[in-house]
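Take a look at the structure set out below.
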Amino acid sequence: MRTATLGPAQRAEALAAMAERELDVLVIGGGVVGAGTALDAVTRGLSTGLVEARDWASGTSSRSSKLIHGGLRYLEMLDFALVREALKERGLLLERLAPHLVKPVPFLYPLQHKGWERLYAGSGVALYDAMSMARGHGRGLPGHRHLTRRHALRVAPCLKKDALVGALQYYDAQMDDARFVATLVRTAVSYGAHAANRARVTGFLREGERVVGARVQDVEGGGEYEIRAKQVVNATGVWTDDTQGMVGERGQFHVRAAKGIHLVVPKDRIHSSTGLILRTEKSVLFVIPWGRHWIIGTTDTDWDLDKAHPAASSTDIDYLLEHVNAVLSVPLGRDDVEGVYAGLRPLLAGESEATSKLSREHTVAHPAPGLVVVAGGKYTTYRVMAKDAVDEAVHGLDTRVADCVTEEVPLLGAEGYSAMWNARARIAARAGLHVVRVEHLLNRYGSMADEVLGLIVADPSLGEPLAAADDYLRAEVVYAASHEGARHLDDVLTRRTRISIETFDRGTRSAREAAALMAPVLGWDKDQIEREVEHYEKRVEAERESQRQPDDLTADAARLGAPDIVPLS
């Protein structure tokens, strides 16, 4: 089993190594596309660096609907190529690349009209399944089925009887998006890539017209590095235009941001054994099973305010509640909402003003010698985007480079996962944990769960759950800091775990315990622990205040009331 550690020492070593000698490829942006690009490049034998200004997946890639899907609604737009490509990637992730992280999830689509709608929607879902099977990567999911109203209400008793005349049920897949990205980064590092988060690009190095690297500021330590590379890949998502501005060239395309918000509610608030997909006047609305919770989303509105912390307004929240309550027999209220998160989709600007109609396809360009830009796309097809970006970068290298192999490269934790899953009862008995705890670890870390269990063997107190967030073990907080690159409390409560959206207190009651667990790993003193906790509490309060505001402008202003990062002393 390959492994890689992203601790404080490894981060410092990575920055020093990137500055020491010229790389073949330097990737800017630690979201799913940037991480995927680094993995693609390094597995072709290229010396590769990856830098991220904040935390891994801190932008769009931690705030999605958490679905790996073909995009059923794109069939309605007749975008068959995009759906076919995405279905292939869904199958690869489920069956080969990340079976520990990507799981099947059922969805019920209520029918509201007799006759024609069942024929119309049923044909679309049948085509969806057929396209998946045709690529040879659909065998891991059950096929769709038609349900009568009575049967549909047995599967989803939460629905109003007059909200449907029947239903269709089909399968897609889901994952924890931030955890997936952290695993991608670690996989790239395990093959020899150098990776550093909290490392901000402040400018590009130029020789004439050619881009030959980047100036990178260590946001934590304050040092600055000149990292030289034969090819630089801009994979900064909604920040694409800002990054291009440092070169003085925007490029051939423009990236627009569309805001999507999601609500998280406890499992017992919606009585259903399946997810739901509902049609709205603009797009579709998902109700997605999420452990002991449901995720409800998403909105789709233009956004041109702060990109780092998009804010959900009261209007956004009311919109989602209104639309989901239209079909629920027991309506949801504000008091039922545990968590709210907002994210920005990077869309290639087109002629249409409606963001839901902008392209979800991706584009790769070479706007200046030595600089490649990749933008657009959707989470599910990150691997294809990464391949296209590296293919473009290879054109600028003077040597022959191997073809992409990531279709055959499982992510860390995939190898040995099935065997460990089969042995989970024995592992639980040996570790002194309930089997449900071991299942939780296997579905978050795969075979790397052994490393987390190793921490518990060394310190049995780490086998206890967090006092105010008992879905997570104390060992997971330590592991996040020692192995997964978490540098701050916010990284752990928001992305390495999902405590910030899975508890009514938004993680504030877990903050001090988690900070104390991280402190020995990261060398924090008592003052730094206090700063971390205070910063986190201010961030949560700023988010709560933004969600009480009526519109984007006032919500954005309220969210910016909390500072972005806690500087280390």
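Keep in mind it's a predicted model, so treat the numbers as computed, not measured. Just so it is clear, the values below take in all heavy atoms, side chains as well, and ignore hydrogens, waters and symmetry mates.
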Original post:
Would S65 and T298 count as a side chain to side chain donor-acceptor pair (under 3.5 Å) if you check the C-alpha gap in whole Å, the side-chain angles of each, and the deciding distance to 0.1 Å?
Top reply: CA-CA 7 Å; S65 296; T298 178; 5.1 Å; no
Original post:
Think R179 forms a cation-pi with Y445, using NZ or CZ under 6.0 Å from the six-ring centre and within 45 degrees of its axis?
Top reply: yes
Original post:
Taking the six-membered ring for Trp, are Y472 and H440 ring centroids under 6.0 Å apart?
Top reply: yes
**OP:** Give a yes-or-no answer on whether the side chains of H100 and E415 include a donor-acceptor pair shorter than 3.5 Å.
**Re:** no
Original post:
Taking NZ, NE, NH1 and NH2 as the nitrogens, is one of them in R487 or D491 under 4.0 Å from a carboxylate oxygen of the other?
Top reply: no
Original post:
Any salt bridge between D471 and R292, counting N to O under 4.0 Å?
Top reply: yes
**OP:** Using a strict cut-off of less than 4.0 Å between a Lys/Arg side-chain nitrogen and an Asp/Glu carboxylate oxygen, indicate whether E407 and R383 qualify as a salt bridge.
**Re:** yes
Subject >> Check: E476 side chain, L473 main-chain N or O, donor-acceptor pair, under 3.5 Å >> reply: yes
**OP:** Please confirm whether Y382 and F180 have ring centers closer than 6.0 angstrom.
**Re:** yes
Original post:
Which residue pairs pass the side chain to side chain donor-acceptor pair (under 3.5 Å) test when at least one of the two sits in residues 417-429, sequence neighbours left out?
Top reply: K103-Y417, Y417-N443, R424-E439
Original post:
Using the benzene-type ring in the case of Trp, are the ring centres of F286 and F107 under 6.0 Å apart?
Top reply: yes
I'd like a table of donor-acceptor pairs (distance under 3.5 Å, sequence neighbours excluded) in which one partner is a side-chain atom from residues 13-31, with atom names and distances.
unit_1: D24; atom_1: OD1; unit_2: K230; atom_2: NZ; d: 3.3
unit_1: D24; atom_1: OD2; unit_2: S47; atom_2: N; d: 2.9
unit_1: D24; atom_1: OD2; unit_2: S47; atom_2: OG; d: 3.2

**OP:** Return yes if some donor-acceptor pair links the side-chain N/O of T380 with the main-chain N/O of H69 below 3.5 Å, else return no.
**Re:** yes
Original post:
Do you know which of R495, R63, R498 makes salt bridge (Lys or Arg N to Asp or Glu O under 4.0 Å) with D177?
Top reply: R498
Original post:
Partners of R228 by salt bridge (Lys or Arg N to Asp or Glu O under 4.0 Å), sequence neighbours excluded?
Top reply: E207
